[in-house]
Amino acid sequence: MTLIPEIKPQQSLELLKELHILTRDGKINQDTRRKLKQVYHLYQFIEPLMEEVMTRKGDCTLADHGAGKSYLGFILYDLFLKEKNTGHVYGIETRPELVSKSQALAQHLGFERMGFLNLTVEQSITSDQLPAQVDIITALHACNTATDDAIRFALAKNASYIVLVPCCQAEVAGVLRQKKNETFGKTSLSEIWRHPLHTREFGSHITNVLRCLLLESRGYQVTVTELVGWEHSMKNELIIAKKVSNGKASARARQEAILEEMNLTDLRDRFIY
Ligand SMILES: C[S@@+](CC[C@H](N)C(=O)[O-])C[C@H]1O[C@@H](n2cnc3c(N)ncnc32)[C@H](O)[C@@H]1O
């Protein structure tokens, strides 16, 4: 039992200290209280998805892309999977020192069904260190196009759920900039992105729109919401996708039309497949 009311009874205090949510002497302060609130906020979206998969299959595999320090994977394991006999969390991360640190922490805490792989998201799609089917994919602020690779991974693994909080994406803005003169005469709506700051923001926005349409075209029902409590980050768009059908041709047609109108057809392979 813990004396701090915000902390769930099943939660490992040792883990919270390692994640700097609790201070070394086990206390919570204003800063760490906010951090804990943020983590729970995200947990409340993902826990029902894990529950649904676990109830349906008796097992649940989750891969977290661009895992960083893997705090999301650790919290999900600690609050949900720890008490169960099945289920696995994989963290995929390119920085080897973060991978080794997470491996050591999981071993120390006895979190046996956690695995950390020093791979790019792209490499993980074909890696034999991951199972052929993965139920839930998360990618939280995975840099630039790593979110797109995470979507590719999710589609290849036939995921039931995909949870994305995209980071900045520079690729679309780059093409908009490059083809500015050509695209500008097409429509007066080009004013939306004429100024450089707007080009960057609009590039990110249209990227997420194309990602959502890609997911819909592949049979996912998509919800876009805000990751509230994440005030420290400019990027707090939360995309949750649930596999519901074989696909939606109208979403693909919309993608084609947008790429054409925006002169973005050079990026067709990224968004349409
Ligand atoms: C902004 S951090 C986010 C970390 C964590 N998801 C979080 O929200 O705290 C992005 C992480 O993604 C990793 N990363 C960037 N590109 C990647 C790629 N292509 N494949 C795997 N990891 C990548 C970086 O090393 C970094 O640790």
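FYI, side chains are in, hydrogens and waters are out, and symmetry mates aren't considered; it's all heavy atoms of this structure. Atoms within each ligand, like the ligands themselves, are counted from 1 in listed order. The model shown is predicted, which means the values in this text are computed figures rather than measured ones.
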**Request:** Please determine, by modelled atom types, if E14 and H108 share a side-chain donor-acceptor pair under 3.5 angstrom.
**Result:** yes
**Request:** Check ligand 1 against C143 and write out every atom of the ligand that is under 4.0 Å from a heavy-atom position of the residue.
**Result:** 10 (C), 15 (C)
**Message:** Regarding ligand 1, does H141 bring an N or O atom to under 3.5 Å of one of the ligand's N or O atoms?
**Reply:** no
**Message:** Can you confirm, on distance only, whether ligand 1 has an N/O atom lying under 3.5 Å from any N/O atom belonging to L140?
**Reply:** yes
**Request:** Indicate yes or no: does R95 engage E93 in a salt bridge with an N to O separation below 4.0 Å.
**Result:** no
**Message:** Counting neighbours of CG on N246 that are heavy atoms of other residues, nucleotides or ligands and sit closer than 6.0 Å, is the number greater than 12?
**Reply:** no
**Request:** Under 4.0 Å from a heavy atom of T120: give me the atoms of ligand 1 that qualify, with their elements.
**Result:** 20 (N), 21 (C)
**Message:** Does ligand 1 come near enough to V121 that some N or O of the ligand is less than 3.5 Å from an N or O of the residue?
**Reply:** yes
**Prompt:** With atoms numbered from 1 as shown, which atoms in ligand 1 lie under 4.0 angstrom from a non-hydrogen atom of R95?
**Reply:** 25 (O)
**Message:** Are L22 and L72 linked, directly or through intermediate hydrophobic residues, by side-chain heavy-atom contacts shorter than 4.5 Å (ILVMFWY only)?
**Reply:** yes
**Asked** Can a donor-acceptor pair be found between the side chains of T138 and D64 at a distance below 3.5 Å?
**Response** yes
**Message:** Is there a path of hydrophobic side-chain contacts, each under 4.5 Å between heavy atoms, that joins V89 and L98?
**Reply:** no
**Asked** For ligand 1, which atoms have a heavy atom of G68 less than 4.0 angstrom away?
**Response** 4 (C), 27 (O)
**Item:** Any N or O of A142 closer than 3.5 Å to N or O of ligand 1
**Value:** no
**Prompt:** For ligand 1, is any non-hydrogen atom under 4.0 Å from A67's backbone (N, CA, C, O), its side chain (CB onward), both, or neither?
**Reply:** backbone
**Asked** For atom 21 (C) of ligand 1, which candidate among L42, T94, L117 provides the closest heavy atom?
**Response** T94
**Message:** Between the side chains of K27 and D25, is the shortest nitrogen-to-carboxylate-oxygen separation below 4.0 Å, so that they form an ion pair?
**Reply:** yes
**Complete:** Taking only non-hydrogen atoms of L119 and a 4.0 Å limit, the atoms of ligand 1 in range are 21 (C)
**Worked check of ring-ring contact (aromatic ring centres under 6.0 Å, His included) between F80 and F111** = CA-CA 12 Å; F80 187 81; F111 289 2; over 10 Å; no
